[in-house]
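Down below is the structure, laid out as structure tokens.
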Amino acid sequence: MLAERRYGSRSRLPPLVPRRPGIVMGGSAAGGGEGQPDHRITSACWNQLPSKSLAELLHENMTQIGPPAFTDEAHALAKELQESLGPPAVGMHDKVGALTPPNPVFMGGGSTDVADIGWNVPTVLMGAALAPIGTKMHTWSAAACAAAAPGQAAVPAAAKYLAATAVDLLTQPERLKVIKAEFAERTKGLEWTALPEGYELPMYEPPAWFLKKTGQKWPPNNIPWPSKRVVSHEKFSSLGPELTPQK
């Protein structure tokens, strides 16, 4: 069983990690199972470290370039999907949103290992309207738009935003200096760590046909094999510091 935990505050997570075996045991007992579960941590990521100055630069470019130029075909497809799924049939979002401070209260969201990159170099994320207003990502409706008219407008626009920001970083050293200074201040005295001490990546033996076709042997010299069924009952080495929202 693979389980993922997402929390808005890192301080809430460590006390809950030791409870996982009990939760599994409860579910197992309810289904008539017996035994003591073993578990291992396969990955962990820190909360994202925003870069206010880099976000401002990216947003300036988004505003100057403008929103994706959605065609009538794109809006028509969006409205058809909205009528099918329930949201109001208003088409695609065709405006550049305002740049606002992070919400001090965690309102939910996804997880990404890009967050860990942000503790090593200044990092910024942006989104372009690919799916119709009111629909959800990771759904068939969003996938349907990716290669259709909405995606054909959104993807080039996103590429322009990123390319323009990269050019600014190369040609405006004063902006880059400010971004680096902010990053240095926010990471002062912190050491980023990724995986628990003694951690071993989960390994799976490739099929025989693959080894034969690629001329490889198993296991490689640097891989202990066979792997242990349970590596350890680890604790998180670090989940990163608490973040105070920027004003």
Side-chain angles (χ1 to χ4, degrees), residues 1-9 12-13 27 42-118 122-169 243 245-246:
M1 181 181 72
L2 177 65
E4 179 180 352
R5 296 291 180 267
R6 300 173 182 171
Y7 292 93
S9 169
R12 296 169 57 187
L13 185 56
T42 59
S43 64
C45 58
W46 288 22
N47 286 331
Q48 181 183 344
L49 178 64
S51 173
K52 182 173 183 288
S53 50
L54 185 51
E56 290 171 342
L57 177 59
L58 176 59
H59 189 260
E60 288 175 15
N61 282 304
M62 295 176 70
T63 302
Q64 292 175 14
I65 294 170
F70 293 115
T71 62
D72 292 341
E73 180 184 358
H75 284 293
L77 174 59
K79 291 178 181 179
E80 287 182 11
L81 292 170
Q82 289 162 335
E83 290 173 355
S84 172
L85 298 171
V90 293
M92 299 297 297
H93 186 83
D94 56 0
K95 295 180 176 59
V96 175
L99 182 64
T100 58
N103 194 321
V105 179
F106 181 66
M107 302 299 291
S111 60
T112 172
D113 51 8
V114 174
D116 287 302
I117 297 174
T123 304
V124 66
L125 300 175
M126 53 77 57
L130 177 68
I133 298 173
T135 59
K136 304 297 182 182
M137 301 304 294
H138 304 293
T139 62
W140 67 268
S141 58
C145 290
Q152 292 164 6
V155 173
K160 291 177 183 179
Y161 303 150
L162 297 176
T165 303
V167 170
D168 286 344
L169 293 174
L243 293 177
Q246 292 177 290

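Every value quoted in this text rests on a predicted model; they were computed, and no experiment measured them.
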Please output the side-chain donor-acceptor pairs of residues 146-164 that fall under 3.5 Å, not counting sequence neighbours, one pair per line with the distance.
from	atom 1	to	atom 2	distance (Å)
Q152	NE2	A147	O	3.2
Y161	OH	G66	O	2.6

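- Here the closest heavy-atom approach between residue L54 and residue T165 is recorded as CD1-CG2, 4.3 Å.
- Annotation: salt bridge (Lys or Arg N to Asp or Glu O under 4.0 Å) contacts involving residues 54-80, sequence neighbours excluded, comprise K52-E56, E60-R175.
- Between M126 and M62, the closest heavy-atom pair is CE-CE, 4.2 Å.
- The two residues H75 and F70 make their nearest non-hydrogen contact at NE2-CB, 3.7 Å.
- Residues meeting the side chain to side chain donor-acceptor pair (under 3.5 Å) test with D168, sequence neighbours left out: N61, Q172.
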Tabulate below the donor-acceptor pairs under 3.5 Å that side-chain atoms of residues 81-90 make, not counting sequence neighbours, or state none.
from	atom 1	to	atom 2	distance (Å)
Q82	OE1	V90	N	2.9
Q82	OE1	G91	N	2.9
Q82	NE2	G91	O	3.0
Q82	NE2	I133	O	2.9

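- Judged by distance alone, with hydrogens and angles left aside, the side-chain atoms of D116 form a donor-acceptor pair with the main-chain N or O of W46 at under 3.5 Å.
- Closest heavy-atom contact between H93 and A129: O-CB, 3.6 Å.
- For the pair M92 and A78, the tightest heavy-atom approach, listed with the atom from each and the gap, is SD-CB, 3.6 Å.
- For the pair H59/V96, a side-chain contact is recorded, criterion being any heavy-atom separation below 4.5 Å from C-beta on.
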Derivation and outcome, side-chain contact (heavy atoms from CB on, under 4.5 Å), residues L99 and T63: CA-CA 10 Å; L99 182 64; T63 302; over 6 Å; no
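- The side chain to side chain donor-acceptor pair (under 3.5 Å) check on S141 picks up T139, with sequence neighbours excluded.
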